[in-house]
Amino acid sequence: MPDSTFPPTPPVPLSALLAREDLALRRIAGPDDPGTVVHWVHTSEMADPYPYLLGGELLLTAGVHIPEAAGSGTYFDDYVSRIVAAGGAALGFGVAPVHDTVPRALAAACERYGLPLLEVPPQTTFSGVARAVWQLMAQARLSELRRVTEAQQSLASAASRPDPVPSVLRQLAQRLGGWAVLYGPEGAEIAGAGREPGVEVGSALAELAAVVRPAEAGAGLPAGTPGAGAGRPAPTPGARPPADTSWAGAAAQQGRAPHTDRPTTQPGGSAGVGRSGGLGEVGRPHPTSATDTVSGTHLAAYALGAGHGFVLGVAVPGRVPGDHTIVSVAAVLLSLLTGEQQSGTGAARSAALVRLLLGAAPEDVAPLLGDGRRWVVVHARPDGEGVPDAVGAAALGAALGSALVDPAGDVVRVLVPAGRTPDPLPGWTLGVSAAVAPEDWPAADTQAARALARARATRAPLFRHGPRPALADLVPPGEAAAHARTLLAPVTAHPALPETLRTWLSLHGSWDRTAVALSVHRNTVRQRIARCAALLETDLDDPDVRMELWFALRHI
């Protein structure tokens, strides 16, 4: 008999069908297994129903096919064994009008072969049983769709937070009621969330992740390094190191055969994860996902992105409909958060960095970074007191459409082609420079820093530096710079004073907002401004003085 082909609908627990009071079904023989499920209902009066069964059915019969002398021979054994061989889930026997009771020999045969036998009372029609199964299926399907939809929304929301990868893992673990972990290209655990499994399960999950990690992810690493060779983590004490380097051999060495998902529809309507097009070490297509069961815990590993080596692992105590779809959504989000962006290849960016270090001009290097002739610099800080990590900075770059990201301390700097106008992002405060040519990147960096300070001081999610013609442009730059150096000479010897004066003037003399922008106490701001007034020997409450100092500060 070929493998059973189940319909793309959630199965119905046999216990749920027995619990329906309107049906009044009663189990009279066979195992009382809570894991028994029904995929569909089939009615047949054939003496051998085997050719008409696909597996997973609740087979209903009124016993029309039973001969009078059936109880004295092997008829019931042959009948029940054929149902079991076909993969039938249970047998329902209708009492009346053919038989007044369920034949004892039939109940005995069901006990011997482990087939649940249900008594269908006279007032319950077979069509009523079938209708009840479809109703339970529809309710289960609706519940599954609602659960998947809510999970998709919560995962998408988590991906937009300042710490997107840990947030997605936490949400995934919460939705599955288990453990979710992200492994890096070298096999190391980057982040995890949920109920952490024991050592045996954790080791098995790491081995399963090595099964789906592309071989090239660990290329070039010293022997014995996690991720070397076929991308397999180095053996840990007590672990079961597989002798075979192929993905199948890794499990065979342990007496287990991990399942690699194919692009087919799984029971419950969840689409399986497909295989990648690359070939593994032994010439077979490399799996992009694999599943296993260890100590009653279900394990799954999903390769992320296009061969960059990141792997998502999950461990759950039991799988329910919708789990596969939820994990697939999380895998897609994590692939976007950890993958290379389209603004330039890694090789081109490396070449650009080398050329800059060797003295090339920015305008000569810019073409390697993308097709943008003009650029904006974005300075960003996460809301709250947290410091952005490398993964969070990469996610910010992905949201801005650029992979040119520099997580420097508590500020992330991103170089973005001018055609991609940055918009406010939840969880971040942004300062955006004017669009400039590559040779003016340093000036744009200063503009973005000042715009970020302005945004934080005014509690705005984003502030843009907006250059426009002004009276100061009427003075030749050289003369303006000379005048600024002379005027501000008394305070330039103290680096903190010019920046404090500039910020204080830009915020119209607000002590509190200046303190927020500079991350200092308001009394510190007062002391520095008083020091500036004393050194400059001028009245900073005079608007003419303020205007002259503001123009001068723009040229230092």
Side-chain angles (χ1 to χ4, degrees), residues 1-7 9-137 140 267 296 318:
M1 184 73 178
D3 292 341
S4 299
T5 303
F6 298 133
T9 51
V12 173
L14 186 60
S15 57
L17 201 60
L18 290 169
R20 291 280 296 254
E21 295 182 358
D22 58 324
L23 298 179
L25 302 178
R26 185 168 65 94
R27 188 185 64 84
I28 60 176
D32 184 12
D33 184 2
T36 302
V37 295
V38 173
H39 288 273
W40 39 30
V41 176
H42 181 67
T43 300
S44 174
E45 297 298 339
M46 302 297 294
D48 181 11
Y50 180 95
Y52 308 98
L53 301 180
L54 297 176
E57 296 94 346
L58 168 59
L59 177 63
L60 299 177
T61 179
V64 175
H65 57 88
I66 300 176
E68 294 183 2
S72 60
T74 62
Y75 180 86
F76 287 116
D77 278 354
D78 295 340
Y79 178 70
V80 173
S81 65
R82 293 290 281 174
I83 297 174
V84 172
L91 175 64
F93 193 90
V95 176
V98 181
H99 298 268
D100 295 333
T101 61
V102 178
R104 293 183 179 180
L106 177 60
C110 287
E111 285 287 351
R112 283 193 294 272
Y113 286 93
L115 180 68
L117 175 62
L118 311 183
E119 180 187 75
V120 183
Q123 70 272 18
T124 301
T125 63
F126 287 177
S127 61
V129 174
R131 182 172 60 251
V133 170
W134 308 144
Q135 289 173 346
L136 291 172
M137 282 184 174

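Heavy-atom basis, side chains included; hydrogens, waters and symmetry copies ignored.
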Kindly indicate whether the side chain of [X], heavy atoms from C-beta on, has any atom under 4.5 Å from the side chain of [Y].
{"X": "Leu54", "Y": "His39", "answer": "no"}
{"X": "Thr101", "Y": "Val95", "answer": "no"}
{"X": "Thr61", "Y": "Phe93", "answer": "yes"}
{"X": "Val80", "Y": "Arg112", "answer": "no"}
{"X": "Leu58", "Y": "Leu60", "answer": "yes"}

[atom2] on [Y] to [atom1] on [X], rounded to 0.5 Å:
{"X": "Leu23", "Y": "Glu21", "atom1": "CG", "atom2": "CD", "answer": "10.5 Å"}
{"X": "His42", "Y": "Leu53", "atom1": "NE2", "atom2": "CG", "answer": "5.5 Å"}
{"X": "Tyr50", "Y": "Ser44", "atom1": "OH", "atom2": "OG", "answer": "14.5 Å"}
{"X": "Met46", "Y": "Tyr52", "atom1": "CE", "atom2": "OH", "answer": "4.0 Å"}

Kindly write out the residues that satisfy side-chain contact (heavy atoms from CB on, under 4.5 Å) with Pro13, not counting sequence neighbours, or none if the list is empty.
->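 For Pro13 the side-chain contact (heavy atoms from CB on, under 4.5 Å) partners, ignoring immediate neighbours, are Ser15, Ala16.
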Could you pull out the closest heavy-atom pair between [X] and [Y], with the gap in Å?
{"X": "Val12", "Y": "Val133", "answer": "CG2-O, 3.7 Å"}
{"X": "Gly63", "Y": "Glu45", "answer": "N-OE1, 3.4 Å"}
{"X": "Ala132", "Y": "Leu17", "answer": "CB-CD1, 4.2 Å"}
{"X": "Thr124", "Y": "Asp22", "answer": "OG1-O, 4.2 Å"}
{"X": "Tyr79", "Y": "Ala47", "answer": "CD1-O, 3.3 Å"}
{"X": "Leu14", "Y": "Pro116", "answer": "CD2-CB, 3.9 Å"}

Whether Glu57 side chain and Gly55 backbone form a donor-acceptor pair below 3.5 Å =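 Yes; judged by distance alone, with no hydrogens or angles, the pair exists.
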State, without any angle test, whether Asp78 and Thr74 hold a side-chain donor-acceptor pair at a distance under 3.5 Å.
->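 Their side chains do contain a donor-acceptor pair, which is all the 3.5 Å distance test asks for.
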Quick one: salt bridge (Lys or Arg N to Asp or Glu O under 4.0 Å) partners of Arg26, sequence neighbours excluded?
->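 By the salt bridge (Lys or Arg N to Asp or Glu O under 4.0 Å) rule, Arg26 matches Glu119.
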Does Asp48 have any salt bridge (Lys or Arg N to Asp or Glu O under 4.0 Å) partners at least two apart in sequence or in another chain, and if so, which?
->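 Result, salt bridge (Lys or Arg N to Asp or Glu O under 4.0 Å) vs Asp48: Arg82.
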What residue among Thr36, Leu59, Leu91 forms side chain to side chain contact (heavy atoms under 4.5 Å, CB included) with Leu115?
->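 For Leu115, the side chain to side chain contact (heavy atoms under 4.5 Å, CB included) check succeeds only for Leu91.
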